[in-house]
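Down below is the structure, laid out as structure tokens.
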Amino acid sequence: MAGDLILECDCGAVGGTLSAEAAAEGSWLVCHCRDCQAFVHHLDKGDDVLDDHAGTPLVQTRAFGLQIGKGEESLASVRVTDGKLLRWYCRECRTPIANTMMDGKWPFLSLIAYPLKGKKPAAADGPVHVFTESGCGDTSGLKTGGALKMVARAFGRILRDKWQRKGRTGAFFDAEGRPIARPHLLTGEERKLADSRARGFCESRAASGQPM
């Protein structure tokens with residue numbers, strides 16, 4: 001359909017479609033929180049995914065707007081803390097793909113913008129930056145928005161989808177709401193390595209003289 005965005009990982013093993021409606025309705029933002037940074041650096045994809053301030057471009061949208069067309073068997077999930085958020089990626093090429101809740105009956109979806117191909121809606125050109133206090137360098141010039149407002153909009157989408165879809169689950173879960181890939185909780189050493197890479201990323205940006 002015109003306006004749909006194509007999801008494709010770097011190696012092509014995982015592919016899917018985000019509907020034009022979901023793309024237009026979604027909240028396009030850039031998250032600089034330490035956990036988003038740790039996820040990307042755990043996959044060793046910082047240079048590909050993060051902006052110069054260590055932000056991850058995302059779109060939070062309706063969970064049922066995404067269809068995985070191929071590669072479900074190549075999906076893997078990880079938890080960077082002992083919280084309830086799952087982070088999804090391609091196990092073949094380690095492309096980060098999405099964030100969801102642990103339980104698929106709570107239809108929260110935050111897609112990483114990196115693997116999305118196609119003409120993005122106008123809102124994607126001026127995304128709101130959140131948790132900038134954890135970003136690299138001087139983030140004072142970035143367009144920021146309240147995290148509470150972001151959470152409120154996400155919760156509104158969750159409730160709407162739960163009501164309209166009557167318990168159906170999203171693309172990353174089976175019919176009972178269980179993740180289709182068993183989650184791995186980062187070990188202390190894995191988290192330490194990811195955080196070390198995050199510090200190195202910021203240091204390299206500062207050393208290169210890029211605008212910070």
Side-chain angles (χ1 to χ4, degrees), residues 1-33 35-78 80 85-101 104 107-130 135 142-143 145 150 153-154 157 161 169-173 179-181 201 205 210:
M1 178 178 171
D4 288 353
L5 297 180
I6 302 302
L7 183 151
E8 186 175 55
C9 68
D10 286 344
C11 70
V14 178
T17 304
L18 180 67
S19 72
E21 179 184 9
E25 183 182 332
S27 298
W28 292 82
L29 54 97
V30 179
C31 184
H32 301 259
C33 80
D35 289 345
C36 279
Q37 292 182 51
F39 173 47
V40 172
H41 286 299
H42 171 65
L43 303 177
D44 205 12
K45 288 286 187 177
D47 288 338
D48 295 329
V49 175
L50 301 179
D51 69 12
D52 287 337
H53 296 282
T56 302
L58 306 163
V59 55
Q60 289 186 354
T61 188
R62 306 286 293 274
F64 301 101
L66 176 69
Q67 299 295 323
I68 299 295
K70 65 173 181 176
E72 283 190 358
E73 69 282 356
S74 294
L75 287 169
S77 64
V78 67
V80 300
L85 200 66
L86 271 187
R87 297 171 186 269
W88 295 84
Y89 65 97
C90 171
R91 71 172 74 250
E92 315 298 338
C93 61
R94 301 180 73 77
T95 298
I97 293 174
N99 306 316
T100 67
M101 302 297 287
F108 168 79
L109 177 65
S110 181
L111 280 173
I112 313 299
Y114 171 73
L116 292 175
K117 313 295 193 294
K119 183 174 175 55
K120 297 179 176 67
D125 294 330
V128 169
H129 292 252
V130 295
L142 299 177
K143 176 184 175 182
M150 175 187 72
R153 291 192 64 184
R157 281 189 288 267
D161 270 346
T169 59
F172 299 96
F173 300 89
I180 59 176
F201 179 90
R205 291 302 183 274
Q210 294 188 35

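Computation of the quantities below employed the complete heavy-atom set of this structure, encompassing side-chain atoms and omitting hydrogens, waters and symmetry-equivalent molecules.
Pro127 places none of its side-chain heavy atoms less than 4.5 Å from the side chain of Pro57. For the pair Arg87/Cys36, a side-chain contact is recorded, criterion being any heavy-atom separation below 4.5 Å from C-beta on. Inter-residue side-chain proximity for Asn99 and Phe39 is flagged as met; some heavy-atom pair is nearer than 4.5 Å. Between Leu7 and Leu18, every side-chain heavy-atom pair lies at or beyond the 4.5 Å cut-off.
Heavy-atom minimum distance, Thr61 versus Ala23: OG1-N, 4.4 Å. In this structure, Ala13 and Ser74 approach most closely via the heavy-atom pair CB-OG, 3.9 Å. The two residues Gly118 and Leu5 have their closest heavy-atom pair at C-CD2, 3.7 Å. Counting all heavy atoms, side chain and backbone alike, Gln37 lies closest to Ala54 at CG-O, 3.4 Å. Shown here for Cys93 and Asp10, the closest heavy-atom pair between the two residues is SG-N, 3.6 Å. Between Phe64 and Pro107, the shortest heavy-atom distance links the atoms CE1-CB, 3.9 Å.
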request  = Evaluate the criterion side chain to side chain contact (heavy atoms under 4.5 Å, CB included) for residue pair Glu8 and Thr95; output intermediate values, then yes/no.
outcome  = CA-CA 9 Å; Glu8 186 175 55; Thr95 298; over 6 Å; no
task = Show your reasoning for whether side chain to side chain contact (heavy atoms under 4.5 Å, CB included) applies to Ile97 and Phe172.
result = CA-CA 11 Å; Ile97 293 174; Phe172 299 96; 4.2 Å; yes
request  = Could you check His42 against Arg94 for side chain to side chain contact (heavy atoms under 4.5 Å, CB included), going step by step and ending with a plain yes or no?
outcome  = CA-CA 9 Å; His42 171 65; Arg94 301 180 73 77; 3.6 Å; yes
task = Please report the C-alpha distance between Trp28 and Lys120 in whole Å, then the side-chain angles of each, then the deciding distance to 0.1 Å, and finally whether the side chain to side chain contact (heavy atoms under 4.5 Å, CB included) criterion is met.
result = CA-CA 10 Å; Trp28 292 82; Lys120 297 179 176 67; 3.8 Å; yes
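Atom CD1 of Ile112 sits about 5.0 Å away from atom CG of Leu58, to the nearest 0.5 Å. The CZ atom of Phe201 sits 10.0 Å away from atom NE2 of His53, with the distance rounded to the nearest 0.5 Å. The CE atom of Met101 lies 9.0 Å from the CG atom of Leu86; values are rounded to the nearest 0.5 Å. For the atom pair SG of Cys9 and NZ of Lys70, the computed distance is 7.5 Å after rounding to the nearest 0.5 Å. Here the straight-line distance linking atom CG of Leu116 with atom CG of Asp4 works out to 11.5 Å at 0.5 Å rounding. Between Leu109 atom CG and Trp88 atom CH2 the span is 11.5 Å, to the nearest 0.5 Å.
At least one donor-acceptor pair under 3.5 Å links the side chain of Ser77 to the backbone N or O of Ala181.
Crowding of Lys117 atom NZ: a count of heavy atoms from other residues, nucleotides or ligands under 6.0 Å exceeding 12.
With respect to Leu50, the side chain to side chain contact (heavy atoms under 4.5 Å, CB included) criterion is satisfied by exactly one of His41, Arg205, His32: His41. Of the candidates Val78, Val49, Leu111, Asp48, Pro96 forms a side chain to side chain contact (heavy atoms under 4.5 Å, CB included) with just one, namely Val49.
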